[in-house]
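Given the structure is predicted, the values throughout are model-derived calculations rather than measurements.
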Amino acid sequence: RLNLTINDNVLEACRQYNCQKVVSFMSTCIFPDVTTFPLDETMLHNGPPHDSCGGYAYAKRMIDVANHYYYRDHGMQCTGVIPTNVYGPHDNFHLRDSHVLAGLIHKCHIAQVSSKPFVIMGSGAPLRQFIHSEDLARLTV
């Protein structure tokens with residue numbers, strides 16, 4: 001609910017103040033849970049997102065829908081950016097609820113200061129892409 005409200009308020013304020021361009025950020029969690037790879041924007045609405053982030057994902061998907069209608073109805077140039085995994089300054093490094101790269105950095109630090117091995121769980125088969133927050137900011141502008 002909060003994300004829907006934020007998205008709606010931002011786009012409507014931009015319309016009221018005649019913004020020329022609006023760039024909104026979405027999340028990769030908006031893609032369907034069951035899909036094929038590689039992902040592209042045409043697949044965005046091809047099925048439900050993973051249930052663990054359903055409410056947030058649907059709120060973020062609605063940015064894509066709202067952008068379409070704000071363009072159609074008001075001529076606003078709106079676009080949505082769906083960045084890959086973002087990391088950088090002020091990241092969340094808590095082991096319990098961090099994103100993957102910040103969690104790995106924290107585990108590496110713990111291993112270094114405790115002189116214990118740096119162990120990563122899993123098979124190593126999944127592929128991930130990452131982008132530094134400052135690089136994303138430059139690309140967005």
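One distance of note links SG of C53 with OH of Y58; it measures 10.0 Å at 0.5 Å rounding. The distance from atom CE of M43 to atom CZ of F31, rounded to the nearest 0.5 Å, is 7.5 Å. Of the inter-residue distances, the one linking S27 atom OG with Y56 atom OH reads 4.5 Å to the nearest 0.5 angstrom. Atom CG of N7 sits about 9.0 Å away from atom CE of M62, to the nearest 0.5 Å.
The 12-atom threshold is not exceeded at OH of Y71, counting heavy atoms of other residues, nucleotides or ligands nearer than 6.0 Å. Surrounding CG of D51 are at most 12 heavy atoms belonging to other residues, nucleotides or ligands under 6.0 Å away. No more than 12 heavy atoms of other residues, nucleotides or ligands shown are found within 6.0 angstrom of NE2 on H109. Counting non-hydrogen atoms of neighbouring residues, nucleotides and ligands closer than 6.0 angstrom, the CZ atom of R72 exceeds 12 such neighbours.
Closest non-hydrogen pair, N67 versus G80, comes out as ND2-N, 3.5 Å. Between G103 and L95, the closest heavy-atom pair is O-CD2, 3.8 Å.
Applying the salt bridge (charged side-chain N to carboxylate O under 4.0 Å, His left out) test to pairs two or more places apart or on separate chains, none has a residue in residues 26-48.
Between Y70 and V22 the shortest side-chain heavy-atom distance does not fall below 4.5 Å. Taking 4.5 Å as the limit, some side-chain heavy atom of L44 sits within range of a side-chain heavy atom of D64. Counting heavy atoms from C-beta on, the side chains of T35 and N46 never come closer than 4.5 Å. Within the 4.5 Å cutoff, the side chain of K60 has no heavy atoms near those of the I82 side chain. Inter-residue side-chain proximity for V23 and V141 is flagged as unmet; no heavy-atom pair is nearer than 4.5 Å. By the 4.5 Å heavy-atom criterion applied to side chains, V10 and S24 are not counted as neighbours.
Partners of E12 by salt bridge (Lys or Arg N to Asp or Glu O under 4.0 Å), not counting sequence neighbours, listed by chain and number: R15.
Tracing side-chain contacts under 4.5 Å through hydrophobic residues (I, L, V, M, F, W, Y), one reaches I30 starting from F37; they form part of the same cluster. Following chains of ILVMFWY side-chain contacts shorter than 4.5 Å, one can reach F93 starting from L104, so the two form part of one hydrophobic cluster. Side-chain heavy atoms closer than 4.5 Å link hydrophobic residues (I, L, V, M, F, W, Y) into clusters, and following such links, possibly through other members, connects L39 to M26. Hydrophobic cluster membership differs between I63 and V65, with clusters built from Ile, Leu, Val, Met, Phe, Trp and Tyr side chains linked at under 4.5 angstrom. There is a path of hydrophobic side-chain contacts, each under 4.5 Å, that joins L4 to Y69.
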Taking distance alone, no hydrogens or angles, what donor-acceptor pairs closer than 3.5 Å link side-chain atoms of residues 116-136 to residues at least two apart or in another chain?
from, atom 1, to, atom 2, distance (Å)
S123, OG, A125, N, 3.1
H132, ND1, E134, N, 3.2
D135, OD1, R138, NH2, 2.4

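Just one residue in the list K21, M76, Q20 forms a side-chain contact (heavy atoms from CB on, under 4.5 Å) with C14, and that residue is M76.
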What do the steps show when you test D91 against L101 for side-chain contact (heavy atoms from CB on, under 4.5 Å), and what is the final call?
CA-CA 10 Å; D91 214 327; L101 196 56; 5.9 Å; no
